[in-house]
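These notes are about the structure you will find just below.
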Amino acid sequence: MSGPSFEVLDVGDEMPPVEVDLGRDLVSGHARVLGMPFLRFTDEEGARREGLPGQIAPGNMSLAVLARELLGWARGAKLVRLGTTFRGVVLAGSTALVQATVTGKDDDARQLECDLWMESGEGDRLVIGTATLAWP
């Protein structure tokens with residue numbers, strides 16, 4: 001997916017919502033590749049034994065998903081900064097919605113500031129954050 005270029009983006013513009021499938025196998029594979037084979041990330045029952053509602057996605061996976069979708073939309077941009085707050089657990093086996101809104105534009109620096117978030121199928125914002133994008 002590619003979206004608008006820097007020149008046409010402005011404060012208030014929104015990235016179209018992107019639905020992301022967070023399948024259990026995908027989450028487990030991500031955790032294992034990064035050397036995080038903990039039950040909370042790889043096993044539904046193991047996660048419940050830890051007091052969680054089920055298998056969860058690692059935080060770094062949520063960050064990667066947010067960055068991937070934002071950069072897929074912002075044609076030609078580089079990610080300068082991404083800061084997030086985790087407000088809830090992202091469950092493996094679920095579908096999440098990723099969205100973003102442009103909150104600032106610096107024409108001289110060719111940079112945008114964005115608010116972005118990942119929400120559950122029920123509309124709960126699980127991960128919220130801000131990002132700075134720059135264009136050459």
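Note that this is a predicted model, so its numbers are computed, not measured. For the numbers below, each heavy atom of this structure counts, side chains included, while hydrogens, waters and symmetry mates do not. We're numbering straight along the sequence, starting at 1.
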For the residue pair Gln111 / Thr132, report whether a side-chain donor-acceptor contact shorter than 3.5 Å exists.
no
Interatomic distance, CZ@Arg32 vs CG@Asp25, rounded to 0.5 Å, equals 9.0 Å
Derivation and outcome, salt bridge (charged side-chain N to carboxylate O under 4.0 Å, His left out), residues Arg81 and Glu113 | CA-CA 9 Å; Arg81 183 191 54 78; Glu113 293 293 323; 2.9 Å; yes
Exercise. Answer yes or no: is there a side-chain heavy-atom contact under 4.5 Å between Asp10 and Val102?
Key: no
Check whether any side-chain heavy atom of Val98 sits under 4.5 Å from a side-chain heavy atom of Leu66, and report yes or no. yes
Distance col, row Ser62:OG vs His30:NE2, nearest 0.5 angstrom, shows 8.5 Å
Looking only at atom types and distance, does a side-chain atom of Trp135 sit under 3.5 Å from a main-chain N or O of Arg75, one as donor and one as acceptor?
-> yes
### Message
Do the side chains of Arg48 and Glu44 get close enough for a salt bridge, i.e. N-O under 4.0 angstrom?
### Response
yes
Trp73 and Pro4, any side-chain heavy atoms less than 4.5 Å apart: yes
So CG of Leu126 and CD of Glu119: to nearest 0.5 Å the spacing works out to 8.0 Å
- Message: Test of understanding: clusters of I, L, V, M, F, W, Y form through side-chain heavy atoms closer than 4.5 Å, transitively. Do Leu133 and Met118 belong to the same one?
- Response: yes
Sub-4.5 Å side-chain heavy-atom contact between Gln99 and Thr101
no
Do Val89 and Met36 share a hydrophobic cluster (ILVMFWY, side-chain heavy atoms under 4.5 Å, transitive)?
yes
Interatomic distance, OG@Ser28 vs CD@Gln55, rounded to 0.5 Å, equals 4.0 Å
So the salt bridge (Lys or Arg N to Asp or Glu O under 4.0 Å) pairs with at least one residue in residues 94-111 (sequence neighbours excluded) are Glu7-Arg110, Lys105-Asp107
Treating Ile, Leu, Val, Met, Phe, Trp and Tyr as nodes and any side-chain heavy-atom pair under 4.5 angstrom as an edge, say whether Val18 and Leu82 lie in one connected cluster.
yes
d(Leu22 CG, Met61 CE) to nearest 0.5 Å is 5.5 Å
Interatomic distance, CD1@Ile128 vs OG1@Thr84, rounded to 0.5 Å, equals 9.0 Å
**Sub-4.5 Å side-chain heavy-atom contact between Glu69 and Leu116** = no
| request: Please check if any side-chain donor atom of Arg24 sits under 3.5 Å from a side-chain acceptor atom of Thr42, or the reverse. | output: no
Quick one: do Trp117 and Val90 end up in the same hydrophobic cluster if we chain Ile, Leu, Val, Met, Phe, Trp and Tyr together by side-chain heavy atoms under 4.5 Å apart?
no
